[in-house]
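The figures here come from the full heavy-atom set of this structure, side chains too, leaving out hydrogens, waters and symmetry mates. Indexing begins at 1, ligand by ligand and atom by atom, following the structure's order. What you see is a predicted model; the values in this text were computed from it and never measured.
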Amino acid sequence: STFDKHHDVFETLGIQKTNNKGVFDGEWSGSGPIVPSINPVNNQVIAEVVTGTTADLDRALDRVAEAQKIWVEMPIPKRGHVLLAMRDALVKNLQPLGKLVALEMGKILPEGVGEVQEYIDILEYALGLSRMMQGAIIPSERPGHIMLETWNPLGTVGVISAFNFPVAVYGWNSALALVTGNGVLWKPSPTTPLCALAITRILEQTLRQHNLPPALCSLVTGGTDVGVSLTADKRTHVLSFTGSTQVGREVGKVVQGRFGKSILELGGNNAIVVMDDCDIDLAARAILFAAVGTAGQRCTTTRRLIVHESVYDSLIERLIKAYGQVKVGDPLDDGVLCGPLHTEAAVSTYKQVLDSVIKQGGEVLCGGQVLTEGEFEHGNFVVPTLTKVRPDMDIIKNEAFVPILHTMTFKTLDEAIAINNGVAQGLSSSIFTTNPANMFKWIGPKGSDCGIINVNIPTNGAEIGGAFGGEKETGGGRESGSDSWKQYCRRGTCTINYSGALPLAQGINFG
Ligand code: UN1
(Lines give C-alpha, C1' and ligand atoms only; values in the text may rest on other atoms or scores of the structure.)
Protein backbone atom coordinates (compact mmCIF):
# COMPACT_ATOMS: atom_id res chain seq x y z
CA SER A 1 0.00 0.00 0.00
CA THR A 2 1.02 3.66 -0.40
CA PHE A 3 1.24 3.97 3.35
CA ASP A 4 3.65 1.07 3.78
CA LYS A 5 5.70 2.03 0.74
CA HIS A 6 6.25 5.57 2.05
CA HIS A 7 6.27 4.71 5.72
CA ASP A 8 9.21 7.03 6.39
CA VAL A 9 7.29 10.07 5.13
CA PHE A 10 4.27 9.32 7.30
CA GLU A 11 6.35 8.54 10.35
CA THR A 12 8.32 11.78 10.04
CA LEU A 13 5.12 13.76 9.70
CA GLY A 14 3.22 11.92 12.44
CA ILE A 15 0.53 10.36 10.28
CA GLN A 16 -0.94 6.94 11.00
CA LYS A 17 -2.72 4.58 8.69
CA THR A 18 -6.00 4.79 10.61
CA ASN A 19 -7.46 6.83 13.45
CA ASN A 20 -5.80 10.12 12.56
CA LYS A 21 -7.64 12.78 14.47
CA GLY A 22 -8.81 15.49 12.10
CA VAL A 23 -9.52 18.31 14.54
CA PHE A 24 -6.98 20.40 16.38
CA ASP A 25 -8.01 23.12 18.82
CA GLY A 26 -5.11 22.86 21.24
CA GLU A 27 -5.77 19.14 21.53
CA TRP A 28 -6.35 16.57 18.80
CA SER A 29 -9.87 15.18 18.49
CA GLY A 30 -12.59 14.52 15.94
CA SER A 31 -16.16 13.32 16.25
CA GLY A 32 -17.24 13.31 12.60
CA PRO A 33 -17.25 10.71 9.84
CA ILE A 34 -14.12 8.72 9.05
CA VAL A 35 -12.86 9.86 5.67
CA PRO A 36 -10.20 8.17 3.54
CA SER A 37 -7.44 10.07 1.80
CA ILE A 38 -7.08 8.60 -1.69
CA ASN A 39 -3.96 8.26 -3.83
CA PRO A 40 -4.94 9.50 -7.32
CA VAL A 41 -2.32 7.22 -8.90
CA ASN A 42 -4.35 4.11 -8.05
CA ASN A 43 -7.47 5.31 -6.20
CA GLN A 44 -6.45 3.31 -3.14
CA VAL A 45 -6.76 4.55 0.41
CA ILE A 46 -3.56 6.10 1.77
CA ALA A 47 -4.81 6.63 5.33
CA GLU A 48 -8.00 7.49 7.21
CA VAL A 49 -8.96 10.61 9.11
CA VAL A 50 -11.63 11.06 11.77
CA THR A 51 -13.01 14.38 10.54
CA GLY A 52 -14.69 17.17 12.47
CA THR A 53 -18.29 18.27 12.94
CA THR A 54 -19.92 21.67 13.38
CA ALA A 55 -19.78 21.03 17.15
CA ASP A 56 -16.01 20.57 16.88
CA LEU A 57 -15.85 23.81 14.91
CA ASP A 58 -17.92 25.65 17.52
CA ARG A 59 -15.47 24.67 20.24
CA ALA A 60 -12.41 25.36 18.10
CA LEU A 61 -13.56 28.90 17.25
CA ASP A 62 -13.72 29.70 20.96
CA ARG A 63 -10.27 28.23 21.52
CA VAL A 64 -8.75 30.23 18.67
CA ALA A 65 -10.23 33.40 20.14
CA GLU A 66 -8.74 32.64 23.58
CA ALA A 67 -5.34 31.90 22.04
CA GLN A 68 -5.45 35.10 19.97
CA LYS A 69 -5.86 37.17 23.15
CA ILE A 70 -2.45 35.95 24.27
CA TRP A 71 -0.79 36.17 20.85
CA VAL A 72 -1.86 39.78 20.30
CA GLU A 73 0.04 40.81 23.44
CA MET A 74 3.30 39.77 21.83
CA PRO A 75 5.21 42.63 20.16
CA ILE A 76 5.08 42.24 16.40
CA PRO A 77 8.85 41.63 15.85
CA LYS A 78 8.62 38.89 18.51
CA ARG A 79 5.78 37.31 16.54
CA GLY A 80 8.23 37.41 13.66
CA HIS A 81 10.60 35.18 15.65
CA VAL A 82 7.87 32.57 16.05
CA LEU A 83 7.19 32.71 12.31
CA LEU A 84 10.90 32.25 11.72
CA ALA A 85 10.79 29.09 13.84
CA MET A 86 7.82 27.84 11.80
CA ARG A 87 9.85 28.53 8.68
CA ASP A 88 12.81 26.56 10.03
CA ALA A 89 10.55 23.62 10.89
CA LEU A 90 9.18 23.61 7.33
CA VAL A 91 12.69 23.79 5.86
CA LYS A 92 13.63 20.77 7.96
CA ASN A 93 10.61 18.85 6.66
CA LEU A 94 10.63 20.20 3.11
CA GLN A 95 11.21 16.88 1.33
CA PRO A 96 8.73 14.73 3.28
CA LEU A 97 6.09 17.47 3.05
CA GLY A 98 6.66 17.83 -0.68
CA LYS A 99 6.34 14.08 -1.03
CA LEU A 100 3.11 14.05 0.95
CA VAL A 101 1.66 16.73 -1.34
CA ALA A 102 2.67 14.61 -4.35
CA LEU A 103 1.12 11.48 -2.85
CA GLU A 104 -2.16 12.97 -1.72
CA MET A 105 -2.79 15.65 -4.37
CA GLY A 106 -1.04 13.97 -7.30
CA LYS A 107 1.25 16.76 -8.49
CA ILE A 108 4.84 15.88 -9.38
CA LEU A 109 7.45 15.96 -6.61
CA PRO A 110 9.26 19.17 -7.70
CA GLU A 111 5.91 20.97 -7.68
CA GLY A 112 4.98 19.46 -4.32
CA VAL A 113 8.26 20.67 -2.87
CA GLY A 114 7.71 23.98 -4.67
CA GLU A 115 4.46 24.66 -2.92
CA VAL A 116 5.97 24.00 0.50
CA GLN A 117 8.69 26.43 -0.61
CA GLU A 118 5.97 29.05 -1.20
CA TYR A 119 4.93 28.65 2.45
CA ILE A 120 8.58 29.04 3.52
CA ASP A 121 8.88 32.14 1.32
CA ILE A 122 5.78 33.79 2.75
CA LEU A 123 6.99 33.11 6.31
CA GLU A 124 10.22 34.93 5.43
CA TYR A 125 8.13 37.72 3.97
CA ALA A 126 6.06 37.88 7.16
CA LEU A 127 9.23 37.95 9.25
CA GLY A 128 10.38 41.02 7.31
CA LEU A 129 6.94 42.54 7.66
CA SER A 130 7.16 42.11 11.43
CA ARG A 131 9.77 44.90 11.42
CA MET A 132 8.14 46.99 8.71
CA MET A 133 4.40 46.92 9.25
CA GLN A 134 4.11 50.64 8.93
CA GLY A 135 1.10 52.91 9.01
CA ALA A 136 0.78 56.34 7.47
CA ILE A 137 1.09 59.74 9.08
CA ILE A 138 -1.30 62.12 7.36
CA PRO A 139 -1.11 65.93 7.34
CA SER A 140 -3.98 67.44 9.34
CA GLU A 141 -5.71 70.62 8.19
CA ARG A 142 -6.00 71.74 11.84
CA PRO A 143 -3.21 73.36 13.87
CA GLY A 144 -1.86 71.19 16.71
CA HIS A 145 -3.39 68.01 15.26
CA ILE A 146 -1.85 64.92 13.78
CA MET A 147 -3.52 62.10 11.84
CA LEU A 148 -2.21 58.59 11.65
CA GLU A 149 -3.30 55.08 10.71
CA THR A 150 -3.09 52.02 12.91
CA TRP A 151 -3.35 48.40 11.74
CA ASN A 152 -4.68 46.06 14.39
CA PRO A 153 -5.77 42.45 14.04
CA LEU A 154 -9.40 41.59 13.38
CA GLY A 155 -9.39 38.44 15.53
CA THR A 156 -9.87 35.12 13.75
CA VAL A 157 -9.12 34.36 10.13
CA GLY A 158 -10.93 31.35 8.65
CA VAL A 159 -9.19 29.67 5.72
CA ILE A 160 -11.07 27.34 3.39
CA SER A 161 -8.53 25.94 0.95
CA ALA A 162 -8.73 23.78 -2.16
CA PHE A 163 -7.18 20.45 -3.11
CA ASN A 164 -4.85 21.81 -5.76
CA PHE A 165 -2.61 23.76 -3.39
CA PRO A 166 -3.17 21.91 -0.11
CA VAL A 167 -0.26 23.66 1.64
CA ALA A 168 0.71 26.98 -0.03
CA VAL A 169 -2.65 28.76 0.08
CA TYR A 170 -3.04 28.07 3.80
CA GLY A 171 0.58 29.20 4.16
CA TRP A 172 -0.04 32.58 2.52
CA ASN A 173 -3.10 33.25 4.62
CA SER A 174 -1.85 31.97 7.93
CA ALA A 175 1.57 33.71 7.74
CA LEU A 176 -0.05 37.10 7.16
CA ALA A 177 -2.91 36.46 9.60
CA LEU A 178 -0.43 35.54 12.31
CA VAL A 179 2.08 38.34 11.84
CA THR A 180 -0.76 40.86 11.95
CA GLY A 181 -1.88 39.31 15.26
CA ASN A 182 -4.81 37.07 14.34
CA GLY A 183 -5.62 33.46 15.16
CA VAL A 184 -6.36 31.02 12.34
CA LEU A 185 -8.98 28.32 11.80
CA TRP A 186 -8.27 26.09 8.82
CA LYS A 187 -10.84 24.02 6.98
CA PRO A 188 -8.89 22.21 4.24
CA SER A 189 -10.23 20.43 1.19
CA PRO A 190 -11.96 17.15 2.17
CA THR A 191 -9.66 15.30 -0.23
CA THR A 192 -6.31 16.55 1.14
CA PRO A 193 -6.65 16.16 4.92
CA LEU A 194 -3.23 14.56 5.44
CA CYS A 195 -1.36 17.65 4.22
CA ALA A 196 -3.39 19.74 6.67
CA LEU A 197 -2.67 17.35 9.54
CA ALA A 198 1.07 17.37 8.85
CA ILE A 199 1.28 21.17 8.63
CA THR A 200 -0.87 21.73 11.71
CA ARG A 201 1.31 19.35 13.72
CA ILE A 202 4.44 21.28 12.78
CA LEU A 203 2.78 24.56 13.79
CA GLU A 204 1.58 22.99 17.04
CA GLN A 205 5.11 21.91 17.95
CA THR A 206 6.54 25.34 17.18
CA LEU A 207 3.87 27.15 19.20
CA ARG A 208 4.38 24.80 22.17
CA GLN A 209 8.14 25.37 22.02
CA HIS A 210 7.45 29.08 22.37
CA ASN A 211 4.98 28.59 25.23
CA LEU A 212 2.17 29.87 23.10
CA PRO A 213 -1.32 28.36 22.99
CA PRO A 214 -1.26 25.95 20.05
CA ALA A 215 -4.98 26.57 19.40
CA LEU A 216 -3.78 29.72 17.65
CA CYS A 217 -3.50 27.55 14.52
CA SER A 218 -6.56 25.35 14.76
CA LEU A 219 -7.82 22.85 12.23
CA VAL A 220 -11.22 21.36 11.53
CA THR A 221 -11.31 18.89 8.66
CA GLY A 222 -14.74 17.99 7.40
CA GLY A 223 -17.35 18.45 4.74
CA THR A 224 -19.61 21.19 3.48
CA ASP A 225 -21.39 21.46 6.83
CA VAL A 226 -18.18 22.62 8.51
CA GLY A 227 -17.43 25.08 5.70
CA VAL A 228 -20.96 26.50 5.79
CA SER A 229 -20.82 27.01 9.57
CA LEU A 230 -17.38 28.62 9.42
CA THR A 231 -18.64 30.99 6.72
CA ALA A 232 -21.76 31.98 8.65
CA ASP A 233 -20.11 32.32 12.06
CA LYS A 234 -19.53 35.84 13.37
CA ARG A 235 -16.42 34.64 15.18
CA THR A 236 -14.76 34.30 11.74
CA HIS A 237 -13.79 37.93 11.19
CA VAL A 238 -12.06 37.30 7.89
CA LEU A 239 -12.89 34.37 5.66
CA SER A 240 -10.42 33.48 2.96
CA PHE A 241 -12.04 31.12 0.48
CA THR A 242 -10.38 29.38 -2.46
CA GLY A 243 -12.64 27.35 -4.72
CA SER A 244 -15.21 27.59 -7.49
CA THR A 245 -16.94 30.78 -8.57
CA GLN A 246 -20.27 29.09 -7.95
CA VAL A 247 -19.54 28.35 -4.27
CA GLY A 248 -17.57 31.60 -3.83
CA ARG A 249 -20.55 33.67 -4.91
CA GLU A 250 -22.59 32.18 -2.03
CA VAL A 251 -19.71 32.44 0.45
CA GLY A 252 -19.26 36.12 -0.44
CA LYS A 253 -22.95 36.86 0.13
CA VAL A 254 -23.09 35.08 3.47
CA VAL A 255 -19.97 36.81 4.80
CA GLN A 256 -21.18 40.18 3.52
CA GLY A 257 -24.60 39.54 5.09
CA ARG A 258 -23.00 39.54 8.53
CA PHE A 259 -20.55 42.33 7.58
CA GLY A 260 -17.53 40.09 7.88
CA LYS A 261 -14.63 40.41 5.46
CA SER A 262 -13.98 37.89 2.75
CA ILE A 263 -11.02 37.20 0.49
CA LEU A 264 -12.22 35.27 -2.55
CA GLU A 265 -9.91 33.33 -4.87
CA LEU A 266 -12.27 31.76 -7.39
CA GLY A 267 -12.10 30.39 -10.91
CA GLY A 268 -9.58 31.49 -13.49
CA ASN A 269 -9.70 31.13 -17.26
CA ASN A 270 -6.24 32.32 -18.08
CA ALA A 271 -4.88 33.15 -21.50
CA ILE A 272 -1.52 33.62 -23.14
CA VAL A 273 -1.25 35.99 -26.08
CA VAL A 274 1.57 35.19 -28.51
CA MET A 275 2.68 38.10 -30.73
CA ASP A 276 4.48 37.63 -34.03
CA ASP A 277 7.55 39.49 -32.70
CA CYS A 278 8.18 37.18 -29.74
CA ASP A 279 10.82 34.56 -29.07
CA ILE A 280 8.78 31.55 -30.16
CA ASP A 281 11.03 28.99 -28.52
CA LEU A 282 10.78 30.75 -25.15
CA ALA A 283 7.01 31.06 -25.59
CA ALA A 284 6.66 27.35 -26.37
CA ARG A 285 8.58 26.34 -23.24
CA ALA A 286 6.53 28.69 -21.09
CA ILE A 287 3.25 27.42 -22.55
CA LEU A 288 4.19 23.83 -21.80
CA PHE A 289 4.64 24.56 -18.09
CA ALA A 290 1.62 26.89 -18.05
CA ALA A 291 -0.79 24.37 -19.57
CA VAL A 292 0.59 20.97 -18.55
CA GLY A 293 2.13 21.75 -15.15
CA THR A 294 0.14 20.34 -12.20
CA ALA A 295 -1.81 18.41 -14.88
CA GLY A 296 -3.74 21.60 -15.60
CA GLN A 297 -5.04 21.88 -12.04
CA ARG A 298 -3.72 25.30 -11.00
CA CYS A 299 -6.03 28.30 -10.73
CA THR A 300 -3.35 29.95 -12.84
CA THR A 301 -3.11 27.21 -15.53
CA THR A 302 -3.29 28.54 -19.08
CA ARG A 303 -6.57 27.42 -20.66
CA ARG A 304 -6.62 29.63 -23.77
CA LEU A 305 -3.79 30.26 -26.21
CA ILE A 306 -4.31 33.29 -28.44
CA VAL A 307 -1.74 33.25 -31.24
CA HIS A 308 -0.97 35.74 -34.00
CA GLU A 309 -2.04 34.08 -37.25
CA SER A 310 1.40 34.50 -38.83
CA VAL A 311 3.16 32.39 -36.16
CA TYR A 312 0.32 29.99 -35.33
CA ASP A 313 1.50 27.07 -37.46
CA SER A 314 5.12 27.20 -36.33
CA LEU A 315 4.17 27.53 -32.66
CA ILE A 316 1.63 24.70 -32.81
CA GLU A 317 4.18 22.49 -34.53
CA ARG A 318 6.63 23.06 -31.66
CA LEU A 319 3.93 22.52 -29.07
CA ILE A 320 2.72 19.26 -30.59
CA LYS A 321 6.29 18.03 -30.52
CA ALA A 322 6.78 19.13 -26.92
CA TYR A 323 3.44 17.61 -25.85
CA GLY A 324 4.50 14.36 -27.46
CA GLN A 325 7.52 14.22 -25.17
CA VAL A 326 5.61 14.83 -21.93
CA LYS A 327 5.88 11.80 -19.69
CA VAL A 328 2.61 11.02 -17.91
CA GLY A 329 2.87 8.83 -14.83
CA ASP A 330 3.50 8.46 -11.14
CA PRO A 331 4.23 11.95 -9.77
CA LEU A 332 7.09 10.57 -7.70
CA ASP A 333 8.89 9.06 -10.70
CA ASP A 334 11.86 10.89 -12.20
CA GLY A 335 11.16 12.54 -15.52
CA VAL A 336 7.37 12.51 -15.15
CA LEU A 337 5.93 15.95 -15.95
CA CYS A 338 2.24 15.16 -15.70
CA GLY A 339 0.74 13.21 -12.82
CA PRO A 340 -2.83 11.97 -12.50
CA LEU A 341 -5.90 14.15 -12.14
CA HIS A 342 -6.88 14.49 -8.51
CA THR A 343 -10.24 12.70 -8.81
CA GLU A 344 -12.03 10.29 -11.10
CA ALA A 345 -14.67 12.98 -11.63
CA ALA A 346 -12.02 15.16 -13.30
CA VAL A 347 -11.49 12.41 -15.89
CA SER A 348 -15.17 12.70 -16.83
CA THR A 349 -14.79 16.46 -17.09
CA TYR A 350 -11.85 15.94 -19.45
CA LYS A 351 -13.98 13.72 -21.70
CA GLN A 352 -16.94 16.11 -21.60
CA VAL A 353 -14.79 19.08 -22.60
CA LEU A 354 -13.40 17.20 -25.59
CA ASP A 355 -16.90 16.12 -26.65
CA SER A 356 -18.04 19.74 -26.48
CA VAL A 357 -15.06 20.94 -28.51
CA ILE A 358 -16.03 18.57 -31.32
CA LYS A 359 -19.78 19.37 -31.05
CA GLN A 360 -19.07 23.09 -31.24
CA GLY A 361 -16.95 22.68 -34.37
CA GLY A 362 -13.46 22.63 -32.89
CA GLU A 363 -10.78 19.97 -33.35
CA VAL A 364 -8.32 18.04 -31.22
CA LEU A 365 -4.74 18.70 -32.38
CA CYS A 366 -2.99 16.24 -30.09
CA GLY A 367 -3.73 14.18 -26.98
CA GLY A 368 -7.36 13.54 -26.16
CA GLN A 369 -6.98 10.11 -24.57
CA VAL A 370 -7.79 8.76 -21.14
CA LEU A 371 -5.06 6.27 -20.17
CA THR A 372 -6.38 2.97 -18.84
CA GLU A 373 -3.77 0.33 -19.62
CA GLY A 374 -0.94 -1.09 -17.53
CA GLU A 375 0.33 1.20 -14.77
CA PHE A 376 -2.51 3.62 -15.57
CA GLU A 377 -5.29 1.08 -15.06
CA HIS A 378 -6.52 2.22 -11.65
CA GLY A 379 -5.50 5.88 -11.70
CA ASN A 380 -6.91 9.12 -13.12
CA PHE A 381 -4.50 9.60 -16.01
CA VAL A 382 -5.18 11.59 -19.16
CA VAL A 383 -2.99 12.83 -21.99
CA PRO A 384 -2.37 16.61 -22.10
CA THR A 385 -4.32 17.99 -25.02
CA LEU A 386 -4.28 20.83 -27.52
CA THR A 387 -7.44 21.84 -29.35
CA LYS A 388 -8.18 24.33 -32.07
CA VAL A 389 -11.25 26.48 -31.46
CA ARG A 390 -12.77 29.82 -32.42
CA PRO A 391 -12.91 32.58 -29.82
CA ASP A 392 -16.72 32.70 -29.96
CA MET A 393 -17.23 29.08 -28.85
CA ASP A 394 -18.97 28.50 -25.52
CA ILE A 395 -16.53 25.82 -24.44
CA ILE A 396 -13.80 28.37 -23.75
CA LYS A 397 -15.99 30.49 -21.47
CA ASN A 398 -15.76 28.11 -18.52
CA GLU A 399 -12.80 26.85 -16.57
CA ALA A 400 -12.23 23.07 -16.57
CA PHE A 401 -9.56 21.85 -14.18
CA VAL A 402 -7.90 19.50 -16.70
CA PRO A 403 -4.85 19.71 -19.02
CA ILE A 404 -6.67 20.90 -22.13
CA LEU A 405 -5.37 24.00 -23.88
CA HIS A 406 -7.66 25.68 -26.41
CA THR A 407 -5.78 27.45 -29.19
CA MET A 408 -7.06 30.18 -31.54
CA THR A 409 -5.72 32.91 -33.82
CA PHE A 410 -5.93 36.70 -34.02
CA LYS A 411 -4.74 39.49 -36.34
CA THR A 412 -4.30 42.60 -34.13
CA LEU A 413 -3.27 43.15 -30.52
CA ASP A 414 -6.59 44.88 -29.79
CA GLU A 415 -8.39 41.77 -31.00
CA ALA A 416 -6.19 39.55 -28.80
CA ILE A 417 -6.85 41.74 -25.75
CA ALA A 418 -10.59 41.61 -26.45
CA ILE A 419 -10.43 37.79 -26.54
CA ASN A 420 -8.33 37.71 -23.36
CA ASN A 421 -10.85 39.96 -21.58
CA GLY A 422 -13.91 38.34 -23.14
CA VAL A 423 -14.55 35.81 -20.37
CA ALA A 424 -16.19 36.20 -16.97
CA GLN A 425 -13.03 35.31 -15.03
CA GLY A 426 -9.99 37.54 -14.53
CA LEU A 427 -7.16 35.83 -12.71
CA SER A 428 -3.97 35.59 -14.75
CA SER A 429 -2.77 36.54 -18.23
CA SER A 430 0.49 36.69 -20.19
CA ILE A 431 1.75 38.19 -23.40
CA PHE A 432 4.83 37.07 -25.31
CA THR A 433 6.41 39.94 -27.20
CA THR A 434 9.72 41.75 -27.53
CA ASN A 435 8.06 45.06 -28.48
CA PRO A 436 7.84 47.51 -25.53
CA ALA A 437 4.81 49.20 -27.08
CA ASN A 438 2.89 45.90 -26.84
CA MET A 439 4.08 45.34 -23.28
CA PHE A 440 2.92 48.72 -22.04
CA LYS A 441 -0.40 48.50 -23.84
CA TRP A 442 -0.92 45.07 -22.25
CA ILE A 443 -0.37 46.35 -18.70
CA GLY A 444 -2.24 49.62 -19.27
CA PRO A 445 -5.91 50.66 -18.94
CA LYS A 446 -6.83 49.16 -22.32
CA GLY A 447 -4.83 46.00 -21.72
CA SER A 448 -5.47 42.79 -19.80
CA ASP A 449 -8.25 43.12 -17.22
CA CYS A 450 -6.82 40.38 -14.96
CA GLY A 451 -5.27 40.64 -11.50
CA ILE A 452 -2.05 39.06 -12.75
CA ILE A 453 -0.63 40.57 -15.93
CA ASN A 454 2.61 38.98 -17.14
CA VAL A 455 5.05 39.55 -19.96
CA ASN A 456 7.24 36.74 -21.33
CA ILE A 457 6.51 34.35 -18.45
CA PRO A 458 3.74 31.76 -17.97
CA THR A 459 0.38 32.61 -16.34
CA ASN A 460 1.19 30.27 -13.45
CA GLY A 461 4.06 30.04 -11.02
CA ALA A 462 3.72 33.46 -9.40
CA GLU A 463 6.20 34.53 -6.74
CA ILE A 464 4.84 35.25 -3.26
CA GLY A 465 6.09 38.87 -3.22
CA GLY A 466 3.28 40.20 -5.38
CA ALA A 467 -0.41 40.31 -4.52
CA PHE A 468 -2.09 37.16 -5.84
CA GLY A 469 -5.68 37.19 -7.04
CA GLY A 470 -8.03 38.23 -9.78
CA GLU A 471 -10.86 40.43 -10.96
CA LYS A 472 -14.45 39.82 -12.06
CA GLU A 473 -15.72 36.31 -11.26
CA THR A 474 -12.34 35.39 -9.80
CA GLY A 475 -13.65 37.27 -6.78
CA GLY A 476 -11.40 40.31 -6.36
CA GLY A 477 -9.40 39.02 -3.38
CA ARG A 478 -5.65 39.47 -3.06
CA GLU A 479 -3.43 37.20 -1.01
CA SER A 480 0.29 36.75 -0.46
CA GLY A 481 2.60 39.74 -1.04
CA SER A 482 2.41 43.50 -1.58
CA ASP A 483 -0.06 45.04 0.88
CA SER A 484 -2.37 42.00 1.12
CA TRP A 485 -1.59 41.88 4.86
CA LYS A 486 -3.86 44.87 5.38
CA GLN A 487 -6.92 42.71 4.71
CA TYR A 488 -6.27 40.83 7.93
CA CYS A 489 -6.38 44.10 9.91
CA ARG A 490 -8.81 46.76 10.96
CA ARG A 491 -7.55 50.16 9.93
CA GLY A 492 -7.79 52.85 12.57
CA THR A 493 -7.79 56.46 11.41
CA CYS A 494 -6.60 58.38 14.45
CA THR A 495 -6.72 62.16 14.78
CA ILE A 496 -4.88 63.45 17.84
CA ASN A 497 -5.38 66.99 19.10
CA TYR A 498 -2.46 68.32 21.14
CA SER A 499 -3.31 72.02 20.65
CA GLY A 500 -5.44 72.67 23.72
CA ALA A 501 -7.96 74.39 21.44
CA LEU A 502 -10.83 72.86 19.49
CA PRO A 503 -10.70 73.94 15.87
CA LEU A 504 -13.20 71.91 13.81
CA ALA A 505 -12.48 70.46 10.39
CA GLN A 506 -13.81 72.25 7.32
CA GLY A 507 -13.56 75.50 9.35
CA ILE A 508 -16.94 74.89 11.00
CA ASN A 509 -17.83 77.26 13.79
CA PHE A 510 -20.20 75.51 16.19
CA GLY A 511 -21.67 77.73 18.92
C1 UN1 B 1 -3.64 28.16 -7.06
O2 UN1 B 1 -3.64 27.59 -8.14
O3 UN1 B 1 -4.62 28.09 -6.29
O4 UN1 B 1 0.97 31.14 -9.26
C5 UN1 B 1 -2.47 28.90 -6.53
C6 UN1 B 1 0.91 29.92 -9.05
C7 UN1 B 1 1.14 29.44 -7.65
C8 UN1 B 1 -0.09 29.50 -6.83
C9 UN1 B 1 -1.32 28.93 -7.48
N10 UN1 B 1 2.16 30.25 -7.06
O11 UN1 B 1 0.68 29.10 -9.93
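- Given atom 6 (C) of ligand 1, the protein heavy atom at minimum distance is G461 N, 3.2 Å.
- Distances from atom 9 (C) of ligand 1 to the heavy atoms of F401, F289, F165 put F165 nearest.
- No salt bridge links E399 with R304; every basic N to acidic carboxylate O contact stays at or beyond 4.0 Å.
- Near F468, meaning under 4.0 Å from any of its heavy atoms, are these atoms of ligand 1: 4 (O), 5 (C), 9 (C).
- Shown here is K397, whose NZ atom has more than 12 heavy atoms of other residues, nucleotides or ligands within 6.0 Å.
- Residue-ligand proximity, E118 to ligand 1, at heavy-atom distances under 4.0 Å covers atoms 7 (C), 8 (C), 10 (N).
- At a heavy-atom distance under 4.0 Å, no atom of I464 approaches ligand 1.
- Enclosure of atom CG in D281 by more than 12 non-hydrogen atoms of other residues, nucleotides or ligands within 6.0 angstrom is indicated.
- Interface of W172 with ligand 1, defined as ligand atoms under 4.0 Å from a residue heavy atom, comprises 5 (C), 8 (C).
- The nearest heavy-atom contact from the protein to atom 3 (O) of ligand 1 is C299 SG, 2.8 Å.
- Ligand 1 has no nitrogen or oxygen under 3.5 angstrom from a nitrogen or oxygen of T242.
- Cation-pi geometry between K107 and F165 is met: under 6.0 angstrom from the ring centre, within 45 degrees of the axis.
- Test L230, V184, N182, L61 against T156 for side-chain contact (heavy atoms from CB on, under 4.5 Å) and you get one pass: L61.
- A salt bridge links E250 to K253: at least one charged side-chain nitrogen sits closer than 4.0 Å to a carboxylate oxygen.
- Taking 4.5 Å as the limit, some side-chain heavy atom of L109 sits within range of a side-chain heavy atom of K99.
- Contact atoms of ligand 1 toward A462: 4 (O), 6 (C), 10 (N) (distance under 4.0 Å to a heavy atom of the residue).
- On a distance-only criterion, N460 and ligand 1 share no N/O pair closer than 3.5 Å.
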